[in-house]
Amino acid sequence: MKSFQIALAAAFFAILAFSSCQKEAKIGKHSIILTQDSFTYYLENQFSRWTVLVCQDQLQFMDTLQSFYRDRGYTPLHWDVLMGDSAAWNELESTFSYSETHGMDARYYYLPLVSYYKAKAANYSSSDSIYRVYAELELIISNSLLRMYKDIANGRSSPIKVYGYTYMLPRNNWKSMKFYDFLNEPNKIGMIEEIHKNDTTYQELQKLLKLYQHRKKIEISSAIDFGDYPKLALGDSAPVIGKLITKLKQRNMPDSSVRSLQNTNVFTKELDRIIKIIQAKNNLTPDGIMGYKTYKIVNTTHTNKIDQVKANMERQRWFTKPQEKPYVYINLPQYIVEMHGPDSAMEMKVCIGKNLPDNYDAMVREYSDSGWLYKLPKNMETPQIASEITYAVLNPTWTVPNSIVTREMWPMLLSEPHYLRKNGYKVTHNGKEINSDTIKWSRMSKTSIPYKIVEQPGPNNSLGTVKFLFSNPFFIYLHDTPSKAAFEKTQRAVSHGCVRLEKPQEFGEFLMQNSTKYDADDFRVMMGYPPRDTARLKNWDPKDSTATIRKITKTANVNLNKPMPLYLDYRTLYYDRNWQLHFAYDIYDQNRLILKEMDRM
């Protein structure tokens, strides 16, 4: 019994000694002893002091942290890290490094700065000076942990800061934050892994990121200088073609079949076939002609691909396709509209707004300095929008925007006095129609035109035979077009900002599920197409002017009782229904904007 009591007493004093060791430590060359009890005083005071080691506005979670530390009596969370425990430091380093599997950069979270000032402060001769620095480092570490947690859950950047008012998609992938739980959680990586575990798109992007990060480590090829060759095509001969073939083989582009390609300096039929496959895979026109867009893809490094995945992971943290159907979804750089019904999905081609010139930023600087901003090309890029389609307009008119009148129509107005009448336009002034043939366009300034020009309904109307309206501040809508040839192109950024539909009558049929007055066949008949229902088709007479539902020849609205949700998104990486990965050319150069905002410290 006595030996048991001695052992129990020894264990008690061992625990006491261990506890005591954990609450105080000897630091630096001056062997200054620091204690947790003293540290709590400095930590509490730090909340009323300005930070010195980083800008105050970098500590975004100070209110949360003050409440958190108050509840724990200002006992430090990272005592072992600050006191030089290598195991604790390695664990913290691993936690921040793990953020890179979610497209973050570990340098975002100030660990090198913490390491530097921790070592520097350890050699101070005053305990007061050390405590002050360590108190600040304690909060920097905790703030960085919360920032990483929030970044991975809901995005490091804000779409409003990236795009401004042109981004209107909802933050519907928002995750609730459990900041206290995360700070107290020993297995922080495990808690992070739970955040997106039910998001298949995010999970697939994360796997892709891991693949490209691995390939980056073994990457050996470098960029080819195509500067002397604006274009390369079938039959051309140049030394750079030999370099191109070598690079394609190194990169396994587009697949393993490239290995059978003959090493030559001639642009052969087989190379032409390979280039067309590469172009098609990246949503470029598969014509086999190599220009700067194809050069850019060939020269893409795994660093570029990693950046592309990062940008799309950030988009996925902002917004994901809704679960509730029906809805309409357009991925702008894919040039496809998806129509998701309760039990099925359809898609068709679309045309979107033209992209800005590659040198647009330089033009803005030049014209700002010269005062000629009015000469800048109009931004016609289709914005990202969430809205609801409320009605269709059959046989619409089109009021020509002043920007199109001045930038595109003006030469015709000056050279051809009867241009407007011959092409189906009417002109009004203060609501009164006037004869456009009598207007002396050469006597007025194109910057102050007093007339409204309206294109009348008809098969050649710029909006075609139908348009679909939804609320938005950009006057964007979906519509038909008489210019069907553009749908044969791979890249279809050709409009003034609105979205042109390849098969508008089928799109209208889809919308009719949200109408109680009309069904899909009613819409077809009103558009002048025969009904699909065989029984109805037998009795259908397109010439019957007494039929309740018949072809509409004048401008008329078709309202939806229940608005149809609509989403205009922008993804340069996307998965199809079978979870096959696809790349889309970044036609609006928007990945760069996201990555730039993410890199802000």
Side-chain angles (χ1 to χ4, degrees), residues 103 208-312 333-334 355-362 489-491 493 572-574 581-596 599:
L208 189 64
L209 179 64
K210 183 178 180 181
L211 173 66
Y212 289 152
Q213 286 171 335
H214 170 71
R215 288 181 176 176
K216 179 183 176 182
K217 293 177 182 178
I218 59 176
E219 188 173 54
I220 58 174
S221 60
S222 57
I224 298 174
D225 183 3
F226 291 103
D228 294 333
Y229 305 94
K231 300 283 183 183
L232 285 173
L234 181 63
D236 287 344
S237 178
V240 76
I241 293 174
K243 295 179 181 179
L244 167 64
I245 293 171
T246 299
K247 187 176 185 71
L248 294 179
K249 289 181 176 181
Q250 288 175 342
R251 298 277 306 279
N252 218 31
M253 291 179 69
D255 51 47
S256 58
S257 67
V258 74
R259 299 192 180 280
S260 63
L261 197 60
Q262 179 185 357
N263 291 320
T264 175
N265 289 339
V266 178
F267 204 115
T268 63
K269 288 184 179 180
E270 186 59 18
L271 177 58
D272 179 71
R273 182 187 69 82
I274 291 290
I275 294 301
K276 286 177 178 176
I277 295 173
I278 292 171
Q279 290 170 330
K281 279 192 170 184
N282 289 274
N283 266 27
L284 297 180
T285 302
D287 55 11
I289 301 172
M290 296 190 69
Y292 83 96
K293 290 180 181 177
T294 308
Y295 293 156
K296 185 176 179 180
I297 290 167
V298 169
N299 274 330
T300 295
T301 64
H302 284 104
T303 298
N304 301 137
K305 290 186 175 181
I306 287 169
D307 285 345
Q308 188 171 10
V309 179
K310 285 181 178 181
N312 285 279
Q334 186 186 357
N355 55 300
L356 289 168
D358 291 338
N359 64 336
Y360 184 76
D361 290 343
K489 297 180 179 180
T490 303
Q491 285 198 59
T572 59
L573 286 177
Y574 60 94
L581 174 66
H582 298 271
F583 294 85
Y585 185 79
D586 186 7
I587 189 66
Y588 292 164
D589 194 23
Q590 292 191 356
N591 288 346
R592 174 181 59 86
L593 301 178
I594 294 175
L595 294 168
K596 181 179 178 181
D599 277 344

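All values derive from a computational prediction rather than experimental measurement.
Under the 4.5 Å side-chain criterion, counting only non-hydrogen atoms from C-beta, Ile241 is not in contact with Tyr229. Side-chain contact between Leu244 and Leu271: present, with at least one pair of heavy atoms (C-beta onward) separated by less than 4.5 Å. Using a 4.5 Å heavy-atom threshold, the side chains of Asp228 and Val240 count as separate. Here the side chains of Ile274 and Pro254 are in contact, with some heavy-atom distance below 4.5 Å. Arg592 places none of its side-chain heavy atoms less than 4.5 Å from the side chain of Asp307. At a threshold of 4.5 Å between non-hydrogen side-chain atoms, the residues Asn252 and Arg259 count as touching. Residues Val298 and Met290 form a side-chain contact, since some pair of their non-hydrogen atoms from C-beta on lies under 4.5 Å apart. No side-chain heavy atom of Asn283 sits under 4.5 Å from any side-chain heavy atom of Pro333.
Interatomic distance, CZ of Arg215 versus OG1 of Thr301, reported as 13.0 Å (0.5 Å rounding). Rounding to the nearest 0.5 angstrom, the gap separating the CG atom in Asp272 from the CD1 atom in Ile289 is 9.0 Å. For the atom pair OH (Tyr588) and OG1 (Thr572), the distance works out to 14.0 Å, reported to the nearest 0.5 Å. In this structure, the separation between CG on Leu209 and CG on Leu573 is 10.5 Å, given to the nearest 0.5 Å. Rounded to the nearest 0.5 Å, atoms OG1 (Thr294) and CG (Leu284) are 5.5 Å apart. Considering OG1 of Thr285 and NZ of Lys276, their distance stands at 12.0 Å, rounded to 0.5 Å.
Within a 6.0 Å sphere centred on NZ of Lys243, heavy atoms belonging to other residues, nucleotides or ligands number 12 at most.
Summarising the geometry of Val266 relative to Ser237, their closest heavy-atom pair is CG2-OG, 4.1 Å, with the distance given to 0.1 Å. Minimum interatomic distance between Asn265 and Pro239 (heavy atoms only, all atoms of both residues): OD1-O, 3.6 Å. Residue Ile594 comes nearest to Ala311 through the heavy atom pair CD1-O, 4.0 Å, listed as atom of the first residue, atom of the second, then distance. The two residues Ile245 and Asn263 make their nearest non-hydrogen contact at CG2-OD1, 3.7 Å. Of all heavy-atom pairs between Lys249 and Val258, the closest is CE-O, 3.6 Å. Listed here is the closest heavy atom pair of Tyr574 and Ala584: CE2-CB, 4.0 Å.
For the residue pair Lys296/Asn304, the side-chain donor-acceptor check at 3.5 Å is not satisfied. Using modelled atom types and a 3.5 Å distance limit, the side chains of Asp358 and Tyr292 yield a donor-acceptor pair.
Judged purely by atom type and a 3.5 angstrom limit, Glu270 has no side-chain atom pairing as donor or acceptor with the backbone of Gln262. Between the side chain of Asp236 and the backbone N or O of Ala233, at least one donor-acceptor pair lies under 3.5 Å. In this structure, the side chain of Gln279 engages the main chain of Asp287 through a donor-acceptor pair within 3.5 Å. With hydrogens and angles disregarded, no donor-acceptor distance shorter than 3.5 Å links the side chain of Asn282 to the backbone of Tyr585.
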request  = Go through Ser257 and Asp255 one step at a time and tell me if the side chain to side chain donor-acceptor pair (under 3.5 Å) criterion holds.
outcome  = CA-CA 5 Å; Ser257 67; Asp255 51 47; 2.4 Å; yes

message = Evaluate Gln308 against Thr300 for side-chain contact (heavy atoms from CB on, under 4.5 Å), listing each step before the verdict.
response = CA-CA 10 Å; Gln308 188 171 10; Thr300 295; 5.9 Å; no

task = In sequence, state the C-alpha distance, the side-chain angles, and the governing distance for Phe267 and Ile275, and then conclude on side-chain contact (heavy atoms from CB on, under 4.5 Å).
result = CA-CA 10 Å; Phe267 204 115; Ile275 294 301; 4.0 Å; yes

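By the 30° and 60° cut-offs, the orientation of the rings of Tyr212 relative to His302 is tilted.
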